[in-house]
2 protein chains.
Amino acid sequence: MLSQDSIAAVNHFVRQVPCEAERPTLQGLFSRQPIEKFEAGTAVFWEGDEADHVFEVVEGVLRIYKILGDGRRVITGFMYPGDLIGVSLKDRYLYTAEAVTRIQVRRFARQRFQEEINRSPELRPQLFARLCDEMAAAQDQMVLLARKSAEERVCSFLLLISRRLDRDGQALRVVEVPMTRLDMADYLGLTIETVSRIMTRLTSRGVISPSGRHAIIVRKSDKLTTLAGEVEADHNPSAAYTHQAVWPN
Amino acid sequence: MLSQDSIAAVNHFVRQVPCEAERPTLQGLFSRQPIEKFEAGTAVFWEGDEADHVFEVVEGVLRIYKILGDGRRVITGFMYPGDLIGVSLKDRYLYTAEAVTRIQVRRFARQRFQEEINRSPELRPQLFARLCDEMAAAQDQMVLLARKSAEERVCSFLLLISRRLDRDGQALRVVEVPMTRLDMADYLGLTIETVSRIMTRLTSRGVISPSGRHAIIVRKSDKLTTLAGEVEADHNPSAAYTHQAVWPN
DNA sequence: GCCAATTTGTGACGGACTGTAACAAGGCGT
DNA sequence: ACGCCTTGTTACAGTCCGTCACAAATTGGC
């Protein structure tokens, strides 16, 4: 499973070079494999299955989740076109991958995938970059789950998926939300009721408005950002903080 | 007291492969670098700093954390001897790394680190494996934060660090807890009071007993595992589940 | 197009965890 | 040994979110 966040821009960049003459890309690797389709609600693989394939999402959205002994479900991520699923060194999948919408994927034998990666000095950094992005996304999610309020979680989520499919990394005004409230709840560590209540609260405050059941329109983008509890990071390289010297020499 | 001594012994084990004749290891890469020491409470680097070094923990424990705009802190992980810190492709560190105890680290220039990794077909899979392990840990942590109760979180944490320094992956009876209650709370998404209350509850139930302020003795290991809410995974390869066929061909 | 099943929305209520605050226990330096 | 300061514990009131119950809106199947 890969990426989440800031990779949208990268995906676009990577995807626009699918033809064979160019320097190799991860997408290029998969492009010769046949496309497989899964209906919404069906699993591509299950947690604990022998992990002998890596998948590339071509179309649609999947959920990646784990189940606790007593049935509690935690969705650790949603996968979009361009993402890779099942990249790991374990011999068994660590999570279940299930289609949220009807999806198309390409499959690659793990062994061959590893060989190709190992052989190509061009592919390696690409894969490495993805793992790093995925790690960064996981950390953001930990922050969300550990310390954010229900409202902040929902707002963060809406921002996340609004940036997800946008090539510029800009938040789109109309946001597709293919997943159910239960999916959102299990991703955000909340209940459906809470998610539902917050969505209506955001609507009544004019921050968003519903557009059918599986899309919303963002009416107050800045407000949404504020409510998400993120510092809209100036990130100007000139040190904003006066850090203490950390060189002990 | 086993306490400090047991840690030292394990550390020694981890470090004992620095000689050059062997096939290259990540440890070996760092072994030529001078050791740097940091006092407890000091930062090795800060979130947002220019990310130009990778570090190997030689001795002690560090916390990795992010801060939300209004000061809320989330510790995303604790780093132990043998762990690498700062491995990413971003040009800035995504988190702050701070010494919990007095620590020793080795430093490696990021650029050179990348080159070495890229050059060595032996090192690459090692690094890759680490990233995958880190990712798996992050997912477990998401499960913990999203769905586990306060008691389950504390028990999971105690189990985690008890396994951490043990070469067999077996949980040690005497568990060092170098971090403060606040660290635990910020790692588990709880408050210090809750952590404190749960620890005393576990003590009064005879599951653990305190051994000084920074160590506990696990008295009922199985009970602790149960309370952690984990399925003690039989993981026998014979399919326990009847999975549906996932090959659409 | 119709009806059952699923998903979503809304309210009342309770409970787990929080936050404040007061106190106890170590740690550390003089 | 004595104080001071940090860290940890305990109690109690408050709150956010979960639980339960039911209604409304969609979806999907035929």
Side-chain angles (χ1 to χ4, degrees), chain A residues 39-42 63 68 70-75 99-102 144-155 157-158 177-205 208-216 227 229, chain B residues 1 3-4 39-41 63 68 70-74 100-102 144-155 157-158 177-205 208-216 227 229:
Chain A
E39 288 303 313
T42 60
R63 56 180 162 252
L68 245 32
D70 57 352
R72 285 172 288 182
R73 185 181 73 158
V74 179
I75 294 180
V100 171
T101 65
R102 179 175 296 189
L144 180 146
L145 293 169
R147 287 283 176 243
K148 287 191 179 177
S149 69
E151 188 171 82
E152 288 173 319
R153 294 185 200 197
V154 172
C155 292
F157 173 74
L158 293 178
V177 187
M179 51 292 283
T180 66
R181 297 289 136 114
L182 183 57
D183 286 333
M184 291 175 59
D186 285 349
Y187 180 63
L188 299 175
L190 300 170
T191 60
I192 18 179
E193 294 93 335
T194 302
V195 172
S196 194
R197 273 187 282 261
I198 302 239
M199 293 288 280
T200 52
R201 197 202 296 174
L202 290 175
T203 300
S204 68
R205 284 199 214 145
I208 61 175
S209 33
S211 168
R213 191 161 267 191
H214 283 295
I216 59 151
L227 289 176
Chain B
M1 293 294 126
S3 57
Q4 300 297 346
E39 288 303 313
R63 56 181 161 251
L68 244 31
D70 56 352
R72 285 172 288 183
R73 185 181 73 159
V74 179
V100 170
T101 64
R102 178 175 295 190
L144 179 147
L145 293 169
R147 287 283 176 247
K148 287 192 179 177
S149 69
E151 187 171 85
E152 288 173 321
R153 295 185 199 197
V154 172
C155 292
F157 173 74
L158 293 178
V177 188
M179 52 291 284
T180 66
R181 299 290 142 141
L182 183 57
D183 286 333
M184 291 175 60
D186 285 349
Y187 181 63
L188 299 175
L190 301 170
T191 58
I192 19 178
E193 294 90 339
T194 302
V195 172
S196 192
R197 275 187 283 260
I198 303 252
M199 293 287 282
T200 51
R201 198 201 296 173
L202 290 175
T203 301
S204 69
R205 284 202 215 143
I208 60 174
S209 32
S211 168
R213 192 162 267 193
H214 284 293
I216 59 151
L227 289 176

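So that the names make sense, note that chain A is the first sequence line, chain B the second, and so on, each numbered from 1.
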Exercise for the section: For B:S196, answer base if it contacts any base atom (sugar-phosphate contacts may also be present), sugar-phosphate if it contacts only those atoms, and nothing otherwise; contact means non-hydrogen atoms under 4.0 Å. Expected result: base
Exercise for the section: Sequence neighbours left out, what passes side-chain hydrogen bond (donor to acceptor under 3.5 Å, both in side chains) with B:S209? Give chain and number order. Expected result: B:R219
Handout entry: CZ-CZ distance between A:R181 and A:R213, expressed to the nearest 0.5 angstrom
Key = 7.5 Å
Fill in the blank from the handout: Residues passing the side-chain contact (heavy atoms from CB on, under 4.5 Å) test with A:T180, sequence neighbours excluded, are A:L182, A:D183
Problem - Gap between atoms CD1 and P, on B:I216 and D:dG8 respectively (whole Å) - result: 14 Å
Practice task
Only counting residues at least two apart or in another chain, list the ones meeting side-chain hydrogen bond (donor to acceptor under 3.5 Å, both in side chains) with A:T194.
Solution key: A:T191
Practice task
Taking side-chain contact (heavy atoms from CB on, under 4.5 Å) as the test, write out the residues that go with A:R201, two or more places apart.
Solution key: A:E151, A:I198, A:R205
Fill in the blank from the handout: With five pairs defining each end axis, the helix from C:dG1-D:dC30 to C:dT30-D:dA1 comes out bent, to 10°, by 60°
Exercise for the section: Can you measure from CD1 (A:I216) to CG (A:L158) and round to the nearest 0.5 angstrom? Expected result: 4.5 Å
Exercise for the section: Shoot me the first and last contacting nucleotide of DNA chain C against chain A, ordered 5' to 3', at under 4.0 angstrom to non-hydrogen atoms. Expected result: C:dT7 to C:dA12
Problem - Partners passing salt bridge (charged side-chain N to carboxylate O under 4.0 Å, His left out) against A:E193 (at least two apart in sequence or in another chain) - result: none
Practice task
Could you check A:T180 against A:R147 and say which one's nearest nucleotide on DNA chain C is further toward the 5' end?
Solution key: A:T180
Write out a two-atom table: protein N or O, nucleotide N or O from nucleotides 12-17 of chain D, distance below 3.5 Å.
unit_1	atom_1	unit_2	atom_2	d
D:dC17	OP1	A:A150	N	2.7

Exercise for the section: May I ask you to test the B:R63-B:D186 pair for a side-chain heavy-atom distance under 4.5 Å? Expected result: no
Problem - Under 3.5 Å donor-acceptor, B:R147 side chain and A:R72 backbone - result: no
Protein N or O to nucleotides 22-29 of chain D N or O, pairs below 3.5 Å:
unit_1	atom_1	unit_2	atom_2	d
D:dT26	O4'	A:R213	NH1	3.4

Handout entry: Check: A:K148 main-chain N/O paired with A:R153 side-chain donor or acceptor under 3.5 Å
Key = yes
Exercise for the section: Please state how far atom CG in A:D186 lies from atom P in D:dG18, giving the value in whole angstrom units. Expected result: 11 Å
Exercise for the section: With sequence neighbours left out, write down each residue that passes side-chain contact (heavy atoms from CB on, under 4.5 Å) with A:A215, or none if nothing qualifies. Expected result: A:E176, A:S211
Fill in the blank from the handout: Minimal heavy-atom distance between B:L145 and B:Y187, with the atoms involved, is CD2-O, 3.9 Å
Handout entry: Set of residues satisfying side-chain hydrogen bond (donor to acceptor under 3.5 Å, both in side chains) with respect to A:S149, sequence neighbours excluded
Key = A:E152
